[in-house]
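Please read these numbers as outputs of a predicted model, since none were measured by experiment. Reminder, nothing fancy here: chain letters follow the sequence lines and each chain counts from 1. As a basis for the values below, the full set of heavy atoms in this structure was taken, side chains included, without hydrogen atoms, waters or symmetry mates.
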Number of protein chains: 2
Amino acid sequence: MAQSNLRREQIYGVAGALFSKRGYHATSVRDIAKQLNIQGGSLYAHIASKEDVLWEIIQRAASEFLGGVAPIASYGLPASERLRLMIRAHVEIVTHHLDDATVFFHEWRFLSTERERIVASQRDRYEACFRKVIEDGIRAGEFREVDAKLAALMTLSSVNMVYQWYKPDGPLSAEQVADGYTDLIINGLSAADTGGNP
Amino acid sequence: MAQSNLRREQIYGVAGALFSKRGYHATSVRDIAKQLNIQGGSLYAHIASKEDVLWEIIQRAASEFLGGVAPIASYGLPASERLRLMIRAHVEIVTHHLDDATVFFHEWRFLSTERERIVASQRDRYEACFRKVIEDGIRAGEFREVDAKLAALMTLSSVNMVYQWYKPDGPLSAEQVADGYTDLIINGLSAADTGGNP
DNA sequence: CGCTTCACCTAACAAGCGTTAGTTTTAGTG
DNA sequence: CACTAAAACTAACGCTTGTTAGGTGAAGCG
């Protein structure tokens, strides 16, 4: 048995970095242990299994997204404004938790069947938030009559993939990425030839 | 030594399906062999190594994209028309070679360092084609003055991720996906308040 | 028929995997 | 100082990994 949360947090941190860089199956528990200057078996004083570590990392990312972004969908604001805030919050999470987000998007397939199902339902719920806001915008006349499901998928594809190319010390800040994407996406959803505010 | 291309093609096919579903490291050579009703070691009469199989699959996908989409960037057409054709061709490749595309996008990290570098440069070249077309469109006044790099990344993110959710027997055809995305993306790039053709 | 070539087999290899049991070291507390 | 509990160690377990060596049966061909 063990109870030092500090050590366990270190394990999640190191594992997140390694899972993110090499992938879950290409990372051994001995690799994780080596970075903490302990033996592979010693990890099991703090964790129950390698998969539990993956699960914890993925669930932390999931609750960042669901806790930080989904509620915005219910704000009492115009749809375009809600969408803007959601994109910004999402990009902020991806860029500030780059390793965890990478593991979340890339390695969920290696969870057990039941856990994979949970992640799938979380992803569906999240996607539904974006779809709902877009549908709201269409109904309110803010957006064109596009396929809301397709538009939500495109939006999420764009902001998810940020983890694949974003470099914290690169030329673009998280804010700049969010602003650029928001502009392109919302403009894409808006009416083209009928001027909005003259 | 071996020379039957038929068997080798079967290996690429089975490996592509398995790498796509379970990932490279979670698929053993014995898994691949089992689907062909032969023993694991027998594969090595037709292939040199497991990594070579991954390399072949990835290179086939890469030349589909580079050979089928990149040339469109140089057509003598308006930028918006070229972009439309490129998106359509790309989506068509992803949906018609779903397994290979999935492996290409997901498993390139497990190639050797030199091979990974080659893939990276192919990806860069591909990305540059999209950026170029968008820059052309801005210069020609077809598109707004957006960040072309960001717009190219968003476009590619959207069309790449199609492999993650597209179901061949789902409600949407490849064409419908391409059309929907083209509409959203090109409208996003176009001027919002200044009507295009009066 | 004799010979070669191919595609497969069996069996093994060295290495690595996740995980466990039992033991020792370390740190904190009365 | 004695006692406890946490956190590390060593050593092994059974299993899987990619890959190789050597052998076998069938097909093709002079």
Side-chain angles (χ1 to χ4, degrees), chain A residues 1-58 103 106-116, chain B residues 1-58 103 106-116:
Chain A
M1 295 270 154
Q3 66 192 50
S4 161
N5 285 3
L6 193 146
R7 204 44 150 174
R8 189 151 47 211
E9 289 306 315
Q10 291 178 318
I11 293 172
Y12 294 143
V14 168
L18 288 176
F19 290 170
S20 155
K21 197 185 346 176
R22 309 186 196 166
Y24 176 72
H25 273 113
T27 303
S28 72
V29 295
R30 289 170 179 86
D31 290 335
I32 300 170
K34 189 173 291 177
Q35 296 238 351
L36 297 165
N37 292 113
I38 60 177
Q39 294 302 114
S42 307
L43 281 179
Y44 288 82
H46 305 93
I47 63 167
S49 71
K50 187 190 174 190
E51 202 216 283
D52 278 4
V53 175
L54 177 62
W55 175 243
E56 179 70 24
I57 293 171
I58 286 179
V103 174
H106 238 96
E107 315 292 333
W108 56 267
R109 307 187 283 165
F110 305 121
L111 292 167
S112 69
T113 318
E114 312 109 72
R115 285 174 166 175
E116 190 186 321
Chain B
M1 294 268 156
Q3 69 191 49
S4 161
N5 286 4
L6 193 144
R7 203 46 149 173
R8 190 152 45 208
E9 289 306 315
Q10 291 179 317
I11 293 172
Y12 294 142
V14 168
L18 287 176
F19 290 170
S20 153
K21 198 186 343 174
R22 309 186 197 167
Y24 177 72
H25 273 113
T27 304
S28 72
V29 295
R30 287 170 180 86
D31 291 335
I32 299 169
K34 189 174 289 176
Q35 297 239 350
L36 297 165
N37 291 113
I38 61 177
Q39 295 300 114
S42 307
L43 282 179
Y44 287 82
H46 305 94
I47 63 166
S49 72
K50 186 190 175 191
E51 202 217 282
D52 279 5
V53 175
L54 177 62
W55 175 243
E56 180 70 24
I57 294 170
I58 285 180
V103 174
H106 236 96
E107 314 291 333
W108 56 268
R109 308 188 281 165
F110 304 121
L111 292 168
S112 69
T113 318
E114 312 110 71
R115 284 174 165 174
E116 190 186 320

Nearest to the side chain of B/Ile38 - C/dC8, D/dT19, C/dG18?
C/dC8

Heavy atoms of B/Tyr12 and B/Ile57 approach each other most closely as O-CD1, 3.8 Å

Which heavy atom of B/Gly40 sits nearest to which heavy atom of B/Arg30, and what is that distance?
CA-CG, 4.1 Å

Check the phosphate of D/dT20 against B/Tyr44, side-chain N and O only, distance under 4.0 Å to OP1 or OP2. Yes or no?
no

Does the pair A/Glu51/A/Arg115 count as a salt bridge with the N-to-O cut at 4.0 Å?
yes

Short side-chain N/O contact from A/His46 to OP1 or OP2 of D/dA8, under 4.0 Å
yes

Are any of the side-chain nitrogens in B/Glu107 or B/Lys50 under 4.0 Å away from the carboxylate oxygens of its partner?
no

To the nearest angstrom, the NZ-P distance between B/Lys34 and D/dG18 comes to 13 Å

Could you check A/Asn37 against A/Arg30 and say which one's nearest nucleotide on DNA chain D is further toward the 5' end?
A/Asn37

Rounding to an integer number of Å, can you tell me how far A/Asp31 CG sits from C/dC17 C1'?
11 Å

Does D/dT17 have OP1 or OP2 under 4.0 Å away from a side-chain N or O of B/Ser28?
yes

So what does B/Ser42 hit on the nucleic acid, given a heavy-atom distance under 4.0 Å: a base, only sugar-phosphate, or nothing?
base

For D/dA6, take OP1 and OP2 only and decide whether either is under 4.0 Å from a side-chain N or O of A/Arg7.
no

Atom CD of A/Gln39 to atom P of C/dC17: distance rounded to whole Å?
13 Å

Nearest-Å distance for atom pair NE2/C1', residues B/His25 and C/dG16:
12 Å

Interatomic distance, A/Phe110 CZ vs C/dC17 C1' [rounded to whole Å]:
15 Å

Rounded to whole Å, how long is the line connecting atom CG of A/Leu6 with atom P of C/dA27?
15 Å

Calculate the interatomic distance between A/Leu43 atom CG and D/dA6 atom C1'; express it in whole Å.
15 Å

Keeping the roles fixed (side chain from B/Arg8, backbone from B/His46), state whether a donor-acceptor pair exists under 3.5 Å.
yes

CD1 of A/Ile47 versus P of C/dT20: gap in Å, rounded?
10 Å

